[in-house]
Protein chains: 2
Amino acid sequence: MAMGRPRAFDADAALDEAMEVFWRHGYEGATIAQLTDAMGINPPSLYAAFGSKEGLLKAALDRYSGRRAAFMEDVLNAPTARAVAEKMLLGIADTQTDPANPPGCLLVQGGLACGTGSENVPFELAARRAQTEDQLRERFAKAKADGDLTATADPSALARYLSAVTVGMGVMASSGADREALRQVAVVSLKAFDEQSAAR
Amino acid sequence: MAMGRPRAFDADAALDEAMEVFWRHGYEGATIAQLTDAMGINPPSLYAAFGSKEGLLKAALDRYSGRRAAFMEDVLNAPTARAVAEKMLLGIADTQTDPANPPGCLLVQGGLACGTGSENVPFELAARRAQTEDQLRERFAKAKADGDLTATADPSALARYLSAVTVGMGVMASSGADREALRQVAVVSLKAFDEQSAAR
DNA sequence: CCACATCTGTAGTGAACACTACATTTCTGG
DNA sequence: CCAGAAATGTAGTGTTCACTACAGATGTGG
């Protein structure tokens with residue numbers, strides 16, 4: 001029953017380009033013209049494949065999450081809560097200043113506040129940031145059960161704290177902070193873990 | 001030689017309303033129609049008084065800084081580096097969840113990434129965030145000279161760290177974190193100061 | 001009270017926006 | 001090899017955007 005003309009572009013490669021545009025200009029600052037230009041396609045192809053500008057963003061966010069999955073797995077597999085935090089913060093310092101990408105974090109740069117009609121976008125980004133925080137919370141709860149964190153430690157507060165620091169680092173990166181500056185922030189942040197980590 | 005018809009609206013009150021619109025929707029998400037509506041004036045009055053949308057933003061930012069000046073002075077006058085950090089972080093937790101304002105910080109919500117033609121906006125916001133960081137750096141340098149911080153402490157890194165945490169808290173507030181959650185972040189953050197504060 | 005400077009409201013301006021109609025092309029199943 | 005299904009390129013669509021021309025209103029200095 002006929003399958004139709006096949007897509008002439010690589011959707012994943014196109015998404016990578018779209019991701020970069022959203023990353024650099026934010027959701028509202030990115031225009032369809034910029035996106036189609038970067039993706040090397042025409043508007044009808046974009047809409048046929050992704051439905052809308054917001055659909056394209058979500059697809060780009062999925063791809064962003066995919067890229068990060070390996071990193072997060074590595075982080076969460078670190079042996080102690082303190083090691084988790086260290087891997088997370090120093091890793092973030094590096095990735096957010098990786099010259100291969102726009103500086104900062106797409107989940108922050110994408111848009112914290114949007115105009116009428118795009119109110120979903122900040123929600124969507126916040127939900128995805130919350131996923132990372134949840135992973136950290138669970139990891140720290142386990143660390144507490146393991147006796148790796150002291151009995152008075154609050155896994156939820158620690159996860160929130162780590163999440164806040166990483167977001168803050170992302171904003172600093174996007175406004176020009178270099179890798180060394182972010183590493184300094186990471187090093188200071190880690191001191192907050194010393195007290196509640198079990199002696200080793 | 002004739003002074004012309006006097007302005008019929010209170011520029012400061014109008015700026016407060018404009019500030020709120022920018023705060024809630026970001027620079028690009030805020031439309032002139034929303035701004036004039038909130039300010040209770042018509043576009044020609046806006047342009048006569050502030051020159052452009054970007055000029056209006058700068059005026060609103062000036063007013064925002066003014067509002068914060070008293071708070072920052074209080075923070076910087078705290079007796080020790082640790083007390084400065086505590087006042088800063090707990091104060092920020094409160095102001096960023098003050099129901100009288102949109103959640104978060106205008107200097108972050110205003111726009112981290114913007115479209116072509118508004119590239120100045122992120123720069124402008126970053127420059128104003130850097131002012132606070134500079135104030136903190138100077139205050140911590142003084143604390144080190146006073147012997148209030150240990151000889152190995154790095155005032156610049158501490159200021160950057162505090163700046164990163166406050167920005168992170170602002171983003172969390174804007175995505176729905178309540179006051180108690182931000183205070184938890186503040187409390188954890190403060191632990192990073194313990195080690196490098198002189199015993200008392 | 002008059003000349004003039006400035007503000008105000010109405011009603012637009014051109015440009016840029018997200019999105020799409022349509023004719024054409026390129027494939028697959030039978 | 002043909003009928004149908006889906007993607008493509010061209011060239012728009014209506015809407016919304018930041019911004020403004022203009023005429024009338026309202027004040028001050030002389």
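The chains referred to below are lettered A, B, ... by the order of the sequence lines, with proteins before strands, and numbering in each begins at 1.
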**Study point:** Any A/Ser45 side-chain N or O less than 4.0 Å from OP1/OP2 of D/dA7
**Key:** no

Review point. Within this structure, what is the CD-to-C1' distance between A/Glu54 and C/dC19, rounded to whole angstrom?
Key: 14 Å

Revision key, fill the gap. Among D/dT8, D/dC19, C/dC7, the one nearest any side-chain atom of A/Arg5 is D/dT8

Point to revise | Heavy atoms of other groups near B/Phe123 CZ, more than 12 under 6.0 Å | key: no

Review point. Can you check the A/Ile41 CD1 to C/dC19 P distance for me, whole Å?
Key: 13 Å

Review point. To the side chain of A/Pro44, which of C/dG9, C/dC19, C/dA21 is closest?
Key: C/dA21

**Study point:** Separation of atom CG in A/Asp10 from atom C1' in D/dA7, rounded to whole Å
**Key:** 15 Å

Practice item. Return the nearest nucleotide to the side chain of A/Thr31; candidates are D/dC19, C/dA18, C/dT6. Key: C/dA18

**Study point:** A/Leu35 CG to C/dC19 P, straight-line distance once rounded to whole Å
**Key:** 11 Å

Practice item. Starting from P on C/dC17, measure out to CD on A/Gln34 and report it in whole angstrom. Key: 7 Å

Review point. Going from OG1 on A/Thr80 to CZ on A/Phe193, what distance comes out if it is rounded to the nearest 0.5 angstrom?
Key: 9.5 Å

Revision key, fill the gap. Atom CD of B/Glu28 and atom P of C/dC17 are separated, to the nearest Å, by 10 Å

Exercise for review: With the side chain of A/Asn42 defined as its heavy atoms from C-beta on, choose the nearest nucleotide among D/dC19, C/dC27, D/dG9.
Suggested key: D/dG9

Check your understanding: Given atom CG of B/Leu46 and atom C1' of D/dC17, what is their separation to the nearest angstrom?
Key -> 14 Å

**Study point:** Any donor-acceptor N or O pair under 3.5 Å, side chains A/Thr116, B/Gln34
**Key:** yes

Check your understanding: Across the strands shown, which category fits B/Pro43 at heavy-atom distances under 4.0 angstrom: base, sugar-phosphate, nothing?
Key -> base

Review point. Are OP1 or OP2 of D/dT20 and a side-chain N or O of B/Tyr47 less than 4.0 angstrom apart?
Key: no

Check your understanding: Which listed nucleotide (C/dT8, D/dT8, C/dC19) is nearest to the side chain of A/Ile32?
Key -> C/dC19

Point to revise | Ion pair check, B/Asp16 and B/Arg67, cut-off under 4.0 Å | key: yes

Point to revise | Given D/dC19, C/dC19, C/dT28, the nucleotide with the shortest approach to the side chain of B/Ser52 | key: D/dC19

Check your understanding: Roughly how far, to the nearest 0.5 Å, is the CE atom of A/Met39 from the CG atom of A/Leu56?
Key -> 4.5 Å

Point to revise | Distance in angstrom units between A/Lys53 NZ and C/dT20 P, rounded | key: 14 Å

